[in-house]
Amino acid sequence: MADGFKKWMKGLMVGALGAGLLAGCSGGNGGEADGKQAKVESGEKRGNISSTIYDRGAVPSGMGTIEDNMWSKWINENGPANVKFTAVPRWESQSKLNVLLASGSAPDLIFEFGTSIRNTLFDQKQLLPLDDLIENTSVEYKALLVKYPELRKAGTKTDGKLYEVGRINEVYPLMSFFIREDWLNKLGLQPPATEEEMIEVAKAFTDQDPDGNGKKDTYGIGGLQFGDTAGLFRYMFNANWVNVDKNNDIVVGLNNMKESTAFKRSLYEAGVVDKDFLTDKDGSKTKQDFLNGKIGMYAFMTGDYTGFAAKELDTLTQNVPGAKLKVIPLPTTSVGQYTMVWNNPVQMTAVVNARAKDPEAVMKYIDFMTKTETGRTFKNGFEGTHYKVEADGRMVITDQEKYKNEVSWASDYAMLYSRLEEGKAGYTESLFNEDIPVQQEGLRLFREARDVYMNHLQVGEGLTHSEHMPQLPKGLQVKFNNVTTEVNDIFTRSIISGSKYTVEQAAADAQKKWENGGGKEIEDWYKEWWGKEKDNVLVWSDFYKIYEQQQADYKK
């Protein structure tokens, strides 16, 4: 582990960015979470419910199981209901839930990030509508719906009823397009603003020895088809299967894919990318080349910017001390200019089983898990045990090993926690420790990415964030998966085939494949859905309004 990362971890201000970093705490202090967590009032009826919990295989030795540990005990000691947990393997939740539902043993409360899985449960009539339950029973979540009406909109299904509960996340760019600013300065270049300029800069980075080692061992840009940079070209050209036009009509099909492929082919033929990119199936080689200072332009999925600073950025600066990154806008293309994909601010995370025996107890538990105090405890642990509060209000880990052993693995208990309800402490900016140089640089890049990509340009991810897209019926979904895979293979072949197989030929073949593979059926289904539901779908412009409000709240 790099020294910079060790230093950062020692001074880490406890915070969580997304589901993967939300954290839990020891039950050793009973119900004293931050000294504020209140037990259920004596005499109040205490229900018995069941709930899923993701099993990621991350519970440390000696800490029990994901269903029975200090966290489950703490929840049962301090929450409003007795909760029995059922483990669901994180990446096998569909099959596990199918078995539980088929046997009639599915828990009352089902936590699930997968939109398509929740949609399937709705289609199967496995879910309980929550409108009346929230109105008559809820306090905390009901208040959250009033504050963020987008939560109701996102959780409402096609029958007009509310079935899903969730949380509000901070809006920020999920991916950054980095360029080596030190290379630009050395070669006297400006950041590229167009396709043509991007190719010219990439050629200079490849041919003019920007690292100064006297060898031809650098590439202008990393990755064409796999890894994070592959997504860059989709966002640059808005090359997505489902989109909307200027008249707000839905467009389904090979949107802009030909133009995206033509540009990738130009990069390949210019010799500014690794010729063996097809063997780099997961993009790991490209990433390593970037971290070793051999790639001039690279897109990275930096959803966790503090993690990026502690790992990738620290590694790059250790390997190449003079490296300086700059976040740049997506260049203008033949089909226009777009901005980078954003984090989903309205994330639905749970549904209630239609067979729940005590829905009121389930809703009281949802309220408990929605409370800011509860979420803060999951994130930080206990004051005096896992962290201390500095004079400036920052919460700092006091025992790194204890925090890692007792807190860091329990994130999935906090899937209803809206971090921003904490105020400034819940925002990403508060997670960086500026006393550590690499963290200070990470904060600079985070702010730069936000300034560059949070704007009124159309987001290059089609209609909306993938978590707000509908689920195709099973038969059409199979056709869609098959035909999109085949079309992608066709376009990939045209990148490397020269005159033997041109982009124009590939586009014609791809269109035929789309039409013969069910494209018309898929298009008709989406158009019918859009005609009925377009006023109920959260789209990028809704997210931008949320972003503006969040920024205004942060600056208060």
Side-chain angles (χ1 to χ4, degrees), residues 16-28 48-79 81-121 124 126-127 164-167 169 303-304 307 344 347-353 355-356 362 365-366 368-370 374-375 377-381 386 401-417 419 467:
L17 187 59
L21 292 181
L22 291 173
C25 63
S26 165
N48 297 293
I49 68 171
S50 54
S51 172
T52 65
I53 179 70
Y54 279 139
D55 186 357
R56 300 176 188 263
V59 180
S61 176
M63 298 303 295
T65 65
I66 196 65
E67 307 104 307
D68 184 12
N69 54 69
M70 59 172 59
W71 271 112
S72 62
K73 291 181 175 64
W74 181 85
I75 289 170
N76 278 290
E77 289 172 0
N78 294 276
N82 302 312
V83 187
K84 178 182 178 182
F85 291 97
T86 297
V88 173
R90 173 63 184 99
W91 306 114
E92 301 171 22
S93 55
Q94 178 75 78
S95 57
K96 178 68 173 182
L97 289 173
N98 286 344
V99 171
L100 292 171
L101 289 163
S103 65
S105 58
D108 302 316
L109 183 58
I110 299 172
F111 284 95
E112 177 54 56
F113 284 122
T115 301
S116 62
I117 295 175
R118 298 193 312 273
N119 286 343
T120 298
L121 296 181
Q124 295 172 345
Q126 302 276 12
L127 305 184
E164 300 178 338
V165 293
R167 64 187 181 189
N169 297 319
D304 173 9
N344 175 21
Q347 186 178 37
M348 311 317 293
T349 58
V351 291
V352 178
N353 190 338
R355 299 181 181 180
V362 175
Y365 179 66
I366 289 173
F368 173 73
M369 301 303 277
T370 298
T374 303
T377 304
F378 279 112
K379 185 178 77 169
N380 300 331
H386 302 105
E401 285 303 311
K402 191 174 185 64
Y403 182 87
K404 179 180 179 181
N405 197 49
E406 297 183 355
V407 180
S408 62
W409 51 269
S411 62
D412 290 315
Y413 289 105
M415 286 172 63
L416 286 173
Y417 170 46
R419 282 193 303 118
E467 292 180 2

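Just the heavy atoms: all of them, side chains too, but no hydrogens, waters or symmetry mates, feed the values below.
Nearest heavy-atom pair, A350 versus L109, reported as atom, atom and distance to 0.1 Å: CB-CD1, 4.2 Å. The shortest non-hydrogen separation linking D55 to A87 is CB-CB, 4.0 Å. Nearest heavy-atom pair across P107 and S50 is CA-OG, 3.2 Å. G64 and V59 make their closest contact through O-CG1, 3.3 Å (heavy atoms, listed as atom of the first residue, atom of the second, distance). A pairwise comparison of heavy atoms in A81 and N76 identifies O-OD1, 3.6 Å as the closest pair.
For K73, the salt bridge (charged side-chain N to carboxylate O under 4.0 Å, His left out) partners at least two apart in sequence or on another chain are D68. In this structure, the side-chain hydrogen bond (donor to acceptor under 3.5 Å, both in side chains) partners of N98, at least two apart in sequence or on a different chain, are Q94. For F85, the ring pair (Phe, Tyr, Trp, His ring centres under 6.0 Å) partners at least two apart in sequence or on another chain are Y413. With sequence neighbours left out, the side-chain contact (heavy atoms from CB on, under 4.5 Å) criterion links S95 to E92. Residues meeting the side-chain hydrogen bond (donor to acceptor under 3.5 Å, both in side chains) test with Y365, sequence neighbours left out: none. Listed by chain and residue number, nothing satisfies the side-chain hydrogen bond (donor to acceptor under 3.5 Å, both in side chains) test with T120 (two or more places apart in sequence, or in another chain). Residues satisfying the side-chain hydrogen bond (donor to acceptor under 3.5 Å, both in side chains) criterion with E467, sequence neighbours excluded, are N344. By the side-chain contact (heavy atoms from CB on, under 4.5 Å) test, N48 is found to be paired with N82, residues two or more places apart in sequence or in another chain being considered. Taking S116 as the reference, Q471 meet the side-chain contact (heavy atoms from CB on, under 4.5 Å) condition, with sequence neighbours excluded.
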For this session: Test R56 against W409 for side chain to side chain contact (heavy atoms under 4.5 Å, CB included), laying out the working first.
Result: CA-CA 9 Å; R56 300 176 188 263; W409 51 269; over 6 Å; no
Exercise. Given L101 and L121, is the side chain to side chain contact (heavy atoms under 4.5 Å, CB included) satisfied, shown in steps?
Worked result: CA-CA 10 Å; L101 289 163; L121 296 181; 3.2 Å; yes
For this session: Tell me, with the steps shown, if F368 and N78 meet side chain to side chain contact (heavy atoms under 4.5 Å, CB included).
Result: CA-CA 9 Å; F368 173 73; N78 294 276; 4.2 Å; yes
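Residues Q126 and V351 fail the side-chain proximity criterion, which asks for heavy atoms closer than 4.5 Å. A 4.5 Å side-chain heavy-atom check between I66 and Y54 finds every atom pair outside the cut-off. Counting heavy atoms from C-beta on, the side chains of N69 and S72 come closer than 4.5 Å.
We find the CD1-CG distance between I53 and D412 to be 5.0 Å, quoted to the nearest 0.5 Å. With values rounded to the nearest 0.5 angstrom, L100 atom CG is found 10.0 Å from N353 atom CG. Here the straight-line distance linking atom CD1 of I117 with atom NZ of K96 works out to 14.0 Å at 0.5 Å rounding. Once rounded to the nearest 0.5 Å, the distance linking CG of L97 with OG1 of T52 reads 7.0 Å. Atom CD in Q347 sits 7.0 Å away from atom CE in M415 (nearest 0.5 Å).
Remark: side-chain polar atoms of R167 are paired, donor with acceptor, to backbone N or O of A414 under 3.5 angstrom.
Residue pairs satisfying the salt bridge (charged side-chain N to carboxylate O under 4.0 Å, His left out) criterion with at least one member in residues 100-121, sequence neighbours excluded, are listed as follows: R118-E164.
Taking the six-membered ring where tryptophan is involved, the planes of H386 and Y403 are perpendicular, since the angle between them exceeds 60° and thus also 30°.
A donor-acceptor contact under 3.5 angstrom links the side chains of T65 and E67, judged on distance only.
For R355, the CZ atom sits in a loose shell: 12 or fewer heavy atoms of surrounding residues, nucleotides or ligands are nearer than 6.0 Å.
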